[in-house]
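The structure displayed is predicted, hence computed values, not measured ones. Every chain is numbered from 1, with letters handed out A, B, ... down the list of sequences.
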There are 2 protein chains.
Amino acid sequence: MSEAKEPSASRRAFLTTGVAAAALVPATARAKDDPAITGLPSWTTTPGEGVDARPYGTPSQYEKHVVRRNVEWLTASPVSSVNFTPLHELDGIITPNGLCFERHHAGIAEVDPGQYRLMINGLVDSQLVFTLEDLLRFPRQNHVYFLECAANGGMEWRGAQLNGCQFTHGMIHNVMYTGVKLSLLLKEAGVKTSAKWLLAEGADASGMTRSIPMEKALDDCLVAFKMNGEALRPEQGYPVRLVVPGWEGNMWVKWLRRLELGDKPWHHREETSKYTDLLESGVARRFTWEMDAKSVITSPSPQAPIKHGSGPTVLTGLAWSGRGTIPRVDVTLDGGKNWVRARIDGPSLSKSMHRFYYEFKWNGEPLLLQSRAHDSTGYVQPTKDELREVRGKNSIYHNNSIQTWHVSEKGVVENVEIS
Amino acid sequence: MSEAKEPSASRRAFLTTGVAAAALVPATARAKDDPAITGLPSWTTTPGEGVDARPYGTPSQYEKHVVRRNVEWLTASPVSSVNFTPLHELDGIITPNGLCFERHHAGIAEVDPGQYRLMINGLVDSQLVFTLEDLLRFPRQNHVYFLECAANGGMEWRGAQLNGCQFTHGMIHNVMYTGVKLSLLLKEAGVKTSAKWLLAEGADASGMTRSIPMEKALDDCLVAFKMNGEALRPEQGYPVRLVVPGWEGNMWVKWLRRLELGDKPWHHREETSKYTDLLESGVARRFTWEMDAKSVITSPSPQAPIKHGSGPTVLTGLAWSGRGTIPRVDVTLDGGKNWVRARIDGPSLSKSMHRFYYEFKWNGEPLLLQSRAHDSTGYVQPTKDELREVRGKNSIYHNNSIQTWHVSEKGVVENVEIS
């Protein structure tokens with residue numbers, strides 16, 4: 001603030017809210033002699049580069065730290081790896097395509113769209129083979145859906161381990177898909193009444209295959225070719241992937257090559273030795289497809305500490321449910337003693353991420369931050385202990401428990417557990 | 001189709017719809033011996049590259065043609081240029097950040113976010129200066145809005161000229177913005193009752209300035225720092241731009257440096273010699289800020305011809321209005337003799353693009369395609385002749401008239417005019 005004056009009536013009124021308290025921030029931070037405001041930076045005196053040099057744009061040179069990152073010890077080899085979305089750097093509900101996490105099992109397949117084919121076979125009246133152009137002749141739909149890996153947060157079952165929401169919760173993204181309803185293509189082939197299951201097969205070198213019950217296949221699944229308006233990215237299944245709204249990401253088969261209809265599940269690798277949830281009893285839960293309601297505070301978080309000291313602070317995060325929308329998110333600053341209702345802002349779409357905020361005036365004392373999502377079915381996100389009581393600690397899948405962040409007096413944030 | 005069989009009951013029922021007719025497509029196109037389905041492409045036999053090599057992802061090597069393009073004779077120099085969005089290649093309603101059109105007047109300013117400042121001065125109780133971090137301490141909002149240049153379609157006033165919707169309509173994009181309400185920052189400074197206008201000033205070498213009436217400034221304007229979840233792109237005003245929902249793009253000042261409050265408009269260059277609409281009478285309309293309802297068919301279009309011949313065809317396009325939502329879009333295949341109602345799909349948000357579709361069975365004869373948008377205020381998009389009757393042909397701004405595409409028997413599409 002370059003001049004100190006008595007606040008006007010309008011400002012006084014404002015000062016009674018958490019918002020207006022922010023008025024105190026510039027006052028302390030800057031004076032008349034701030035060269036950044038009194039001087040002339042180079043971009044003000046010298047014309048910049050023309051846009052023609054950037055026919056496909058890229059982020060600012062000052063945003064190089066905003067990238068997908070892996071966890072070296074987590075994956076065996078670069079061709080079977082995972083890169084996490086930098087959730088702590090993002091806002092709103094759309095994940096930009098370049099930052100969408102991706103898990104692959106045989107590297108990124110570079111499929112030639114001219115050679116792309118999709119076969120439908122098995123228990124159908126007519127086996128069909130579609131080119132990409134064939135698919136583009138069917139009616140399209142547009143939906144924003146989250147895609148979450150069942151193993152998102154999997155390393156946290158046995159205790160707080162990865163220090164950053166990019167790593168504890170970054171196996172998720174949320175984009176607008178354009179595609180054809182799977183049910184349209186299946187009706188085209190003529191589904192026999194004996195068909196109860198669908199096998200989705202990928203064209204990459206891992207030959208990813210998953211069994212999907214017909215009820216879901218005929219409900220809201222999409223055969224998608226666009227994400228956020230443009231063609232799917234190679235690591236997201238270019239030119240065509242399966243979209244299985246609300247269900248675990250592994251079923252969203254990429255580089256989709258074949259759809260086989262059968263009368264029973266196939267019990268392939270990715271639905272037996274993997275993507276089943278081993279309980280303490282030694283029994284494994286199977287077909288745990290639906291993603292339970294979950295939320296996480298993305299800032300403050302270990303990679304997004306509070307740098308501005310005490311005073312007005314914006315807490316923000318994401319919430320989602322495989323069952324519908326998120327009408328409510330609660331937030332606590334003291335590890336669950338007191339809960340307040342967060343403000344959800346932006347579109348509230350079914351099976352899509354929701355953005356929430358809670359603005360508060362930090363007193364500079366340590367905090368224990370948690371968020372708790374409620375979904376449109378009434379389901380409430382559980383604590384880690386509540387979840388362990390039912391599921392034990394053996395599984396690496398479907399950990400949708402409440403995350404705790406500890407904030408120190410210095411604003412440093414750490415991944416912790418409390419009981 | 002690899003086997004020819006009698007269609008099942010379900011398929012026969014389906015064959016009565018335009019959709020099912022697509023079943024005939026694979027039949028003609030492919031047989032049992034299609035190597036693309038019987039063979040093993042390299043991506044199926046050989047693992048691809050790991051994702052770690054792409055911490056910030058890029059489009060497929062097969063999508064290199066999907067880029068922003070300029071029109072060389074249209075702009076004087078590379079530092080004062082415009083690059084158009086490839087609307088004909090996109091679907092859904094979100095424009096990916098790398099493809100968002102952009103117009104600049106002194107190149108792309110590369111602003112150091114650490115040196116970024118926003119000043120509020122003029123008729124306020126307290127002059128304020130905010131850093132980027134200060135702005136991040138205010139409550140945020142998320143909204144999807146279209147940004148359209150007032151000159152979008154400006155070259156078409158005098159006749160059909162540019163052969164592609166990328167060039168006739170590509171000065172528009174639609175993204176989700178995250179930012180702080182401008183009204184919050186103005187209340188922070190304390191707006192004097194004498195303040196009726198706001199001057200928004202950019203930090204680039206062109207010193208872009210526009211006058212905005214207080215009613216709009218206090219209504220829905222945002223001081224935005226994110227687009228589609230990530231930081232603004234440099235060519236979109238990184239780190240901070242003004243968002244003026246539904247109003248002409250030139251007012252959405254990029255690299256926002258200063259907000260001055262005054263009692264009258266400033267009448268700067270961009271609101272006098274530019275961005276005013278010269279009528280036949282020699283009188284110029286001024287302050288024509290609001291973008292009228294408009295639509296365009298993006299496919300088929302000159303850059304997206306019909307390659308598959310007659311039969312099932314998907315027509316798609318975009319519609320938007322600076323006044324609200326688009327409840328209805330009409331489409332004609334015969335230059336206006338017969339109109340049918342298009343199907344609007346995806347989120348219908350105020351001052352945001354809407355995606356529409358019309359599926360039909362092309363008989364292979366020439367077509368004259370047009371779309372006509374109706375907005376939530378009841379306004380209907382005019383024909384080019386209707387618009388010229390009122391505005392003449394002198395202006396290059398605010399051409400929201402109905403676009404006509406001619407489709408030949410070969411499926412070639414051209415920009416034409418009909419009376």
Side-chain angles (χ1 to χ4, degrees), chain A residues 2 5 8 11 22-23 25-26 30 36-37 43 47-51 55-57 60 62-63 67-68 78-79 81 83 90-92 94 96 98 106-109 111 113 115 117 125-129 134 137 139 142 176 178 188 190 205 226 228-231 233-235 238 312 345-346 359, chain B residues 2 5 8 10-11 22-23 25-26 30 36-37 43 47-51 55-57 60 62-63 67-68 78-79 83 90-92 94 96 98 106-109 111 113 115 117 125-129 134 137 139 142 176 178 188 190 205 226 228-231 233-235 238 312 345-346 359:
Chain A
S2 57
K5 288 185 178 180
S8 70
R11 263 188 83 224
V25 179
R30 277 158 308 291
I37 192 73
W43 51 81
E49 178 188 54
V51 72
Y56 193 98
S60 161
Y62 297 101
E63 297 293 311
V67 291
R68 300 181 291 203
V79 297
S81 186
N83 257 13
L90 305 180
D91 212 322
I94 296 293
I108 300 170
V111 178
Q115 293 302 305
R117 299 290 186 274
D125 297 328
S126 310
Q127 299 184 43
L128 298 177
V129 175
D134 295 337
R137 299 177 75 173
N142 299 287
M176 174 172 284
T178 303
E188 218 28 32
K226 300 268 192 194
N228 289 337
E230 66 184 349
R233 291 299 178 84
E235 64 270 30
Y238 179 86
D345 187 272
E359 296 87 17
Chain B
S2 56
K5 290 183 180 179
S8 69
S10 69
R11 267 190 79 222
V25 179
R30 277 159 308 292
I37 192 72
W43 51 82
E49 178 189 52
V51 71
Y56 193 97
S60 161
Y62 297 101
E63 297 293 313
V67 291
R68 301 181 290 203
V79 297
N83 257 13
L90 305 180
D91 212 322
I94 296 293
I108 300 170
V111 178
Q115 294 301 305
R117 299 291 186 273
D125 296 327
S126 309
Q127 297 184 45
L128 298 178
V129 175
D134 295 337
R137 300 178 75 172
N142 299 287
M176 174 172 285
T178 303
E188 217 31 28
K226 300 268 193 196
N228 289 337
E230 66 184 350
R233 291 299 178 85
E235 63 270 31
Y238 178 85
D345 187 273
E359 296 87 17

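Counting heavy-atom pairs closer than 4.5 Å to chain B, the top-ranked of the candidates A/P96, A/A231, A/A109 is A/P96.
Of all the heavy atoms in B/R117 and A/I37, the pair that sits closest is CB-CD1, 3.8 Å. Between A/G57 and B/E235, the shortest heavy-atom contact is CA-OE2, 3.9 Å. The shortest heavy-atom contact between B/A205 and A/P47 is CB-N, 3.7 Å. Taking both residues in full, the closest heavy atoms of A/D91 and B/N142 are given as OD1-OD1, 4.1 Å, listed atom of the first, atom of the second, then distance.
Here the CD atom belonging to B/Q115 is positioned 9.0 Å from the OH atom belonging to A/Y62, to the nearest 0.5 angstrom. Rounding to the nearest 0.5 Å places NZ of B/K226 at 14.5 Å from CD1 of A/I94.
For a residue to count as touching a neighbouring chain, one of its non-hydrogen atoms must lie under 4.5 Å from one of that chain's; by this rule A/S60 touches chain B with backbone and side chain alike. For chain A, the nearby parts of B/Y56 are the backbone and the side chain; heavy atoms of each come within less than 4.5 Å. Using a 4.5 Å cut-off between heavy atoms, A/Y238 touches chain B through its side chain atoms alone.
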